[in-house]
S.K.: 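Mind having a look at this structure? Questions to follow.
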Amino acid sequence: DASDALSPGASRIAALETLWGEGRFGPGSAELSSRLTDALPPLEGGSEAQFGLVNGDPALLKQVMAATGACPVIAEWRVPCASRFREEFPDFEMVNGDLDRPPFEAGSLQLVVSLDAFAYSDHKSGLAVRMLRSLAPGGQWVVIDTMRGNSSSTFAPAFASSWCEPQLIDAHEVTEVCESAGFELVSDEEDLSGDLLGAARQSFSRFGESMGEQLSDKLSRVNRQVYMRELGWEVESWKWRQRALASELIQIKMWKLRRPAE
């Protein structure tokens, strides 16, 4: 039935989920999940509390919801990703806007979790200022981001399937930008590179046997040309990114920041 065919955008997302797992736009694992949830602060108000998710995926959203019991507000600037969120979570609030300026209501959130927001942001100080404005006094921002590493290897990390070209900065620049915006550093940066590298390798090792099981209801409906191109880009990209992580050319870091109480 041609009317049941997936759009090119949905076919791209299906390719990512085939490789990484349902609800994932990138590598993930139980180890990464526990590192994240251990970093989350307790939220007051239970299900009435709100947290923001920026540049994440459905799997990450479920993890934060389970850990906090709070209600999400999803900020997503990538149209195919936003459509996937709406499919999975039709009852939750979705806000659209530039990555540099997530349009959260001022002072409305107790927590924001972002994934690679700095990596893809054109205006990094503007991003930090907008996040500060979105949080209630005492609210926290958990930042997980890809940074330039310490290595001077000659090969470049590949981001072939990115939604735009990443603009990676050093880890110390994140702290400087956020403190200049008014944030307090709750905990020093944590290195998640090994966990992410392990998650990527796990996904590749089980890819052949699990491809037929992943998203079986969607694979017959994808735009095959778009699906195979995206899958090929993602595999080639992460082949090089695994090398870049292993050699510390790039690193995945996590910070915990707080808007000062007033």
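All values reported here derive from a predicted model rather than from experimental measurement.
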S.K.: Hey, what do you get for CG (L231) to CZ (R224), rounding to the nearest 0.5 Å?
M.R.: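 That separation rounds to 14.0 Å.
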S.K.: Write down the atom of P260, the atom of G182, and the distance for their closest heavy-atom approach.
M.R.: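 Scanning both residues completely, I find the closest heavy atoms to be CD-O, 3.2 Å.
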S.K.: Hey, are the side chains of Q242 and F204 touching, using non-hydrogen atoms and a 4.5 Å cut-off?
M.R.: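 Yes, side chains in contact.
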S.K.: For the atom pair OG (S34) and CD (Q63), what is the distance rounded to the nearest 0.5 Å?
M.R.: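 These two atoms lie 9.5 Å from each other.
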S.K.: Output side-chain donor-acceptor pairs under 3.5 Å for residues 104-112, partner residues at least two apart or in another chain, one line each.
M.R.:
residue : atom : partner : partner atom : Å
S108    : OG   : E105    : O            : 2.7
Q110    : OE1  : E44     : N            : 2.9
Q110    : NE2  : E44     : O            : 2.5

S.K.: On a heavy-atom basis, which atom in A244 and which in P157 lie closest, and how many Å separate them?
M.R.: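 Residues A244 and P157, closest heavy atoms: CB-CB, 3.8 Å.
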S.K.: Hey, does the side chain of Q50 reach the backbone of C71 with a donor-acceptor pair shorter than 3.5 angstrom?
M.R.: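 Not a single qualifying donor-acceptor pair exists.
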S.K.: Nearest 0.5 Å please: distance from the CG atom of L127 over to the CG atom of L132.
M.R.: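 Answer for the CG-CG pair, L127 versus L132, is 11.5 Å.
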S.K.: Per the ring pair (Phe, Tyr, Trp, His ring centres under 6.0 Å) rule, what does the pair list look like for residues 43-98, sequence neighbours excluded?
M.R.: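 Qualifying pairs, neighbours excluded: F89-F92.
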S.K.: Do L61 and D57 have side-chain heavy atoms sitting under 4.5 Å apart?
M.R.: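 A side-chain contact is absent here, since even the closest heavy-atom pair is not under 4.5 Å.
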S.K.: Just verifying a value: how many Å separate S83 OG and I13 CD1, rounded to the nearest 0.5 Å?
M.R.: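 The OG atom of S83 sits 8.5 Å away from the CD1 atom of I13.
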S.K.: Just to verify, what does R148 make a salt bridge (Lys or Arg N to Asp or Glu O under 4.0 Å) with, not counting sequence neighbours?
M.R.: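 For R148 the salt bridge (Lys or Arg N to Asp or Glu O under 4.0 Å) partners, ignoring immediate neighbours, are D170, E173.
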S.K.: Heavy-atom distance under 4.5 Å between the side chains of V73 and L53, does that happen here?
M.R.: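 V73 vs L53: side chains apart.
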S.K.: Mind checking what makes salt bridge (Lys or Arg N to Asp or Glu O under 4.0 Å) contact with R221, not counting sequence neighbours?
M.R.: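 Only D4 meet the salt bridge (Lys or Arg N to Asp or Glu O under 4.0 Å) criterion with R221.
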S.K.: Sequence neighbours excluded, which residues qualify as side-chain hydrogen bond (donor to acceptor under 3.5 Å, both in side chains) partners of D195?
M.R.: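 Checked D195 against side-chain hydrogen bond (donor to acceptor under 3.5 Å, both in side chains); matches are R35.
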S.K.: Tell me every residue that passes salt bridge (Lys or Arg N to Asp or Glu O under 4.0 Å) with R259, counting only those two or more places apart in sequence or in another chain.
M.R.: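 Partners of R259 under the salt bridge (Lys or Arg N to Asp or Glu O under 4.0 Å) test: E262.
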S.K.: Less than 4.5 Å apart, any side-chain heavy atom of C81 and any of V79?
M.R.: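 Side-chain contact under 4.5 Å: no.
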S.K.: Are side-chain heavy atoms of N223 and L6 found at a separation under 4.5 Å?
M.R.: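 N223 vs L6: side chains apart.
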S.K.: Run the side chain to side chain contact (heavy atoms under 4.5 Å, CB included) test against A82 and tell me which residues pass, sequence neighbours left out.
M.R.: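 So A82 forms a side chain to side chain contact (heavy atoms under 4.5 Å, CB included) with E76, R86, M94, N96.
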S.K.: What residue pairs, at least two apart or across chains, pass side-chain hydrogen bond (donor to acceptor under 3.5 Å, both in side chains) with a residue in residues 135-147?
M.R.: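 Every side-chain hydrogen bond (donor to acceptor under 3.5 Å, both in side chains) pair that includes a residue of residues 135-147, provided the two are not neighbours, is S114-W141, D116-T146.
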S.K.: Test of understanding: clusters of I, L, V, M, F, W, Y form through side-chain heavy atoms closer than 4.5 Å, transitively. Do L135 and V186 belong to the same one?
M.R.: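 Per the 4.5 Å side-chain linkage, L135 and V186 are not co-clustered.
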S.K.: Passes side-chain contact (heavy atoms from CB on, under 4.5 Å), V95 versus I74? Steps please.
M.R.: CA-CA 6 Å; V95 294; I74 307 162; over 6 Å; no
S.K.: Identify the heavy atoms of Y120 and C164 that sit nearest to each other, and give their distance.
M.R.: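 Minimum heavy-atom contact is CE2-O, 3.2 Å.
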S.K.: If you count the non-hydrogen atoms of other residues, nucleotides and ligands that lie under 6.0 Å from CG in D188, is the total more than 12?
M.R.: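 Counting neighbours around CG of D188, 12 or fewer heavy atoms of other residues, nucleotides or ligands fall under 6.0 Å, so no.
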S.K.: Measure the spacing between CG of L36 and CG of L40 and express it to the nearest 0.5 Å.
M.R.: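 Output value for this atom pair is 4.5 Å.
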S.K.: State, yes or no, whether a side-chain contact exists between V177 and F183 at a heavy-atom distance under 4.5 Å.
M.R.: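 No; the side chains remain at least 4.5 Å from each other.
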S.K.: Would you indicate whether the side-chain heavy atoms of R130 and D100 approach each other to under 4.5 Å?
M.R.: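 D100 vs R130: side chains apart.
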S.K.: If you look only at distance, which donor and acceptor atoms sit under 3.5 Å apart when one is on a side chain in residues 249-258 and the other is two or more places apart or in another chain?
M.R.:
residue : atom : partner : partner atom : Å
K253    : NZ   : E189    : OE2          : 3.1
W255    : NE1  : T175    : OG1          : 3.4
K256    : NZ   : A39     : O            : 3.0
R258    : NE   : E184    : OE1          : 3.4

S.K.: If you look only at pairs with a residue in residues 230-239, which of them pass as a side-chain hydrogen bond (donor to acceptor under 3.5 Å, both in side chains), with sequence neighbours excluded?
M.R.: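 Sorted pair list: R12-E230, W20-E234, S161-E234, E234-W238, E236-K239, E236-W240, S237-R241.
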S.K.: Minimum heavy-atom separation for P90 and E87, please, with both atom names.
M.R.: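 For P90 versus E87, the nearest heavy atoms are CD-O, 4.0 Å.
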S.K.: Looking at residues at least two apart in the chain, or sitting in another chain, which of them share a side-chain hydrogen bond (donor to acceptor under 3.5 Å, both in side chains) with S187?
M.R.: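 Result, side-chain hydrogen bond (donor to acceptor under 3.5 Å, both in side chains) vs S187: none returned.
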S.K.: For residues S193 and E248, determine if any side-chain heavy atom of one lies less than 4.5 Å from a side-chain heavy atom of the other.
M.R.: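 Side-chain contact under 4.5 Å: no.
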S.K.: First locate atom CZ of F25, then atom CG of L115, and finally report the distance between them rounded to the nearest 0.5 Å.
M.R.: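 Between F25 CZ and L115 CG, I get 10.5 Å after rounding to 0.5 Å.
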S.K.: I'd like to check the side-chain hydrogen bond (donor to acceptor under 3.5 Å, both in side chains) partners of E31; sequence neighbours left out, ordered by chain and number.
M.R.: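 Listed in chain order: S29.
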